[in-house]
Each structure stands twice: as structure tokens, then as C-alpha cells.
Amino acid sequence: MGRMDGKVALISGGARGQGAAEARLFASEGAKVVIGDLLDVEGMRVAAEIAELGGDAMYVHLDVTSEEDWQSAVAAAVSSYGKLDVLVNNAGIWRRGRVEDTTVEDWDAIQNVNSKGVFLGTKAAIPEMRNAGGGSIINISSTAGLVGGPRSTAYTASKGAVRLFTKATAIQYAGESIRANSIHPGPIDTEMIHQVWQGEDNSREESIARTPLGRVGTVDDIAYGVLFLASDESSFMTGSELVIDGGSTAQ
Ligand code: NDP
């Protein structure tokens, strides 16, 4: 018995990093998985790898800033697998900059992907979750959505928006058994954090020093949290925040 047996899940930004780990874990727990990303080659490879292991997955091209792309991605899930139960709004981008160093272009690009993308995905998924009799939406925020950061203004603002958008969704749709929760990862070993570490004022060592558990997180550390929120094991949770950060925001 898999923890996701019978469920259909759509994961944005699922071609690599945390999203790909979630796709693999969901499929190994019995879900049918739709992977959406801009990275077509990588996304198709993840879907093929899941299929080789006996899982059920497909890839769709999805730019989370496009309402049309979201509609097609949700339609693809329903036409291929019959319904949609779970949405993971995982796609995200990061750019460096204190307030004065942040250009309007950087600001808009980050809000478009990290904040508007989550809104558009949720908006597209809700009607199908209603048809399915309920659902679970997991929005990947960040510890940067809980506390201010020294070097990423627009990113922090976007992740704060995700945190409260999640709570608005939760209270609006609880009556229809559609749940929404946010996850707040600390530093996780993916391409994104390597971009962060390229700055002269940050490094792997500095991230580890700020983390009580004394290490950087892995993609599986997050994927298991996402799995819990996606499965019926968390059926009494909505509008909640799951912090997976090695203790860094507990200080
Ligand atoms: P990655 O950069 O490895 O993965 C992000 C994925 O999202 C990439 O495949 C990326 O593709 C995709 N993506 C970016 N823009 C879009 C778009 N417009 N439409 C569709 N897909 C897009 O990073 P992570 O796996 O670490 O990030 C996953 C989530 O976790 C993000 O929301 C991130 O903000 C969050 N997070 C990450 C932390 C970390 O330390 N890594 C810490 C806290 C939160 P492409 O390469 O084409 O941009």
C-alpha cells in the first residue's frame, strides 16, 4: 500500500531539485504524477526514469507565469489520469539584492514566478479539486517567508506573499475539503542554493554555521514533508506552516 495510492498530483518546477525529488517519491508511493517545468529535456527525463521504475508520470511544458499553461497542465492531468487531487506549487527563482540594489525588472520577475505563479496554479487547480471532492495544495515558501533576509529583498517579499496566500486559500476552500499548507525550507542542496553561495558574502560553511542541526538540507528532507501534506495523513491540517530548516528559524 502506497501513501499516495489513487492520487493524481501536479508538481510545478518538477524537472530538477526539490520538485523532481517530490515527483519520484510521490510515484514510489503510488501517485500518478504530472511534472510541469520550463526545462523540457530534464522534465521528460524525470518522467521516463519514474516509468522505468514502474511508476506513472508524464511531463508537460509549464511556465507558471502563464494562465494558459496552467490550464493546459491541469487539463493534461485530468485527460490522462482522470482527475487532480494534489498540487505542489514548487517552481521558484532567486535573485540577490538589498532594497537599493533591486531593479524593478528583478522585482517583477520574482513576483511573477514565485507569487503570481502560485496564485495561477491554485486558481487553475481548484475547480478540478472540487470535481474530485477535495484536494491538497502545498505551496513551497521558504524560511525567507518567515523572517527577513539580508540579501534577497524581492525573494523574501514573494515568499511572504506565498505564506499568507496559502492561509487565504485554506480558509476560503476548507468547506470543500480543499486544503492548503505552506512549507518553509532552510538551505537545501539544489542549484538554487549554489547560486546563493556564489555571492562573496555567503557560502556553504556560513549556511551550515547558521543551522543548529549542522548541515544543509537534502531534497528528500523536503519531499517527505510535502508527501505528508499531500497524503490523507495530514487531513486535519490546513492553513498551516511546516518549517523544515534544521532549526535555523528557532533561534
Ligand atoms: P531549483 O532551481 O533546482 O528548481 C526550481 C525549478 O523551478 C527549476 O526546475 C526551474 O527551472 C523551475 N522554474 C523556474 N521558473 C519557472 C517557471 N516560470 N515556470 C516553471 N518552472 C520554473 O531550486 P529548488 O528545487 O531548490 O527550488 C524549489 C522551491 O524551493 C523554490 O520555490 C524555492 O524558492 C524554494 N526554496 C529553495 C531553497 C533552497 O535552499 N534550495 C530554500 C527555500 C525555499 P529553470 O531552471 O528553467 O528556472
Side-chain angles (χ1 to χ4, degrees), residues 10-25 34-47 59-70 72-73 87-96 106 108-121 124 138-147 149 151-152 154-163 165-166 182-199 202-204 206-208 210-211 215-223 225-226 241-246 248-249:
L10 169 57
I11 304 175
S12 73
R16 68 169 198 218
Q18 295 174 46
E22 289 148 18
R24 291 189 172 99
L25 182 60
V34 181
I35 297 164
D37 207 299
L38 297 172
L39 303 169
D40 298 334
V41 173
E42 291 87 339
M44 283 190 267
R45 193 181 306 135
V46 174
Y59 173 78
V60 294
H61 182 85
L62 168 66
D63 178 347
V64 296
T65 67
S66 158
E67 192 161 22
E68 293 73 35
D69 278 12
W70 271 115
S72 323
L87 170 67
V88 185
N89 280 308
N90 162 78
I93 57 172
W94 182 89
R95 285 185 199 173
R96 178 180 308 279
D106 283 342
D108 287 346
I110 290 183
Q111 309 312 326
N112 269 335
V113 176
N114 296 6
S115 174
K116 189 168 85 177
V118 172
F119 155 62
L120 291 176
I138 300 102
N139 295 329
I140 309 302
S141 176
S142 169
T143 51
L146 300 171
V147 295
R151 51 184 80 78
S152 49
Y155 182 81
T156 303
S158 73
K159 293 300 188 178
V162 169
R163 174 174 171 265
F165 174 76
T166 305
S182 55
I183 292 204
H184 300 265
I188 306 300
D189 207 344
T190 65
E191 304 233 355
M192 182 178 285
I193 197 75
H194 289 276
Q195 202 187 328
V196 176
W197 289 336
Q198 272 165 19
N202 205 342
S203 64
R204 172 182 280 270
E206 197 245 356
S207 289
I208 291 171
R210 276 191 289 114
T211 305
R215 66 173 175 87
V216 167
T218 67
V219 291
D220 285 337
D221 287 326
I222 304 306
V226 178
E241 300 163 16
L242 183 56
V243 181
I244 308 177
D245 70 346
S248 57
T249 54

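All ligand and atom numbering here is 1-based and tracks the order in the structure. Throughout, residue positions are numbered sequentially from 1 according to the sequence presented.
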Results of side-chain hydrogen bond (donor to acceptor under 3.5 Å, both in side chains) for Asp245 - residues two or more places apart only: Ser248, Thr249
Ser115: side-chain hydrogen bond (donor to acceptor under 3.5 Å, both in side chains) partners, not counting sequence neighbours: none
Is Lys116 salt-bridged to Asp108, going by a charged N under 4.0 Å from an acidic O? no
Regarding Arg96 and Asp106, does a basic nitrogen lie under 4.0 Å from an acidic carboxylate oxygen? no
Which residue pairs pass the side-chain hydrogen bond (donor to acceptor under 3.5 Å, both in side chains) test when at least one of the two sits in residues 37-46, sequence neighbours left out? Asp40-Tyr59, Asp40-His61
With no hydrogens and no angle check, is any side-chain donor or acceptor of Asp221 less than 3.5 Å from a backbone partner on Thr218? yes
Residue shell for ligand 1, any heavy atom closer than 4.0 Å, reads Gly13, Arg16, Gly17, Gln18, Asp37, Leu38, Leu39, Leu62, Asp63, Val64, Asn90, Ala91, Gly92, Ile93, Val113, Ile140, Ser141, Ser142, Tyr155, Lys159, Pro185, Gly186, Pro187, Ile188, Thr190, Glu191, Met192, Ile193
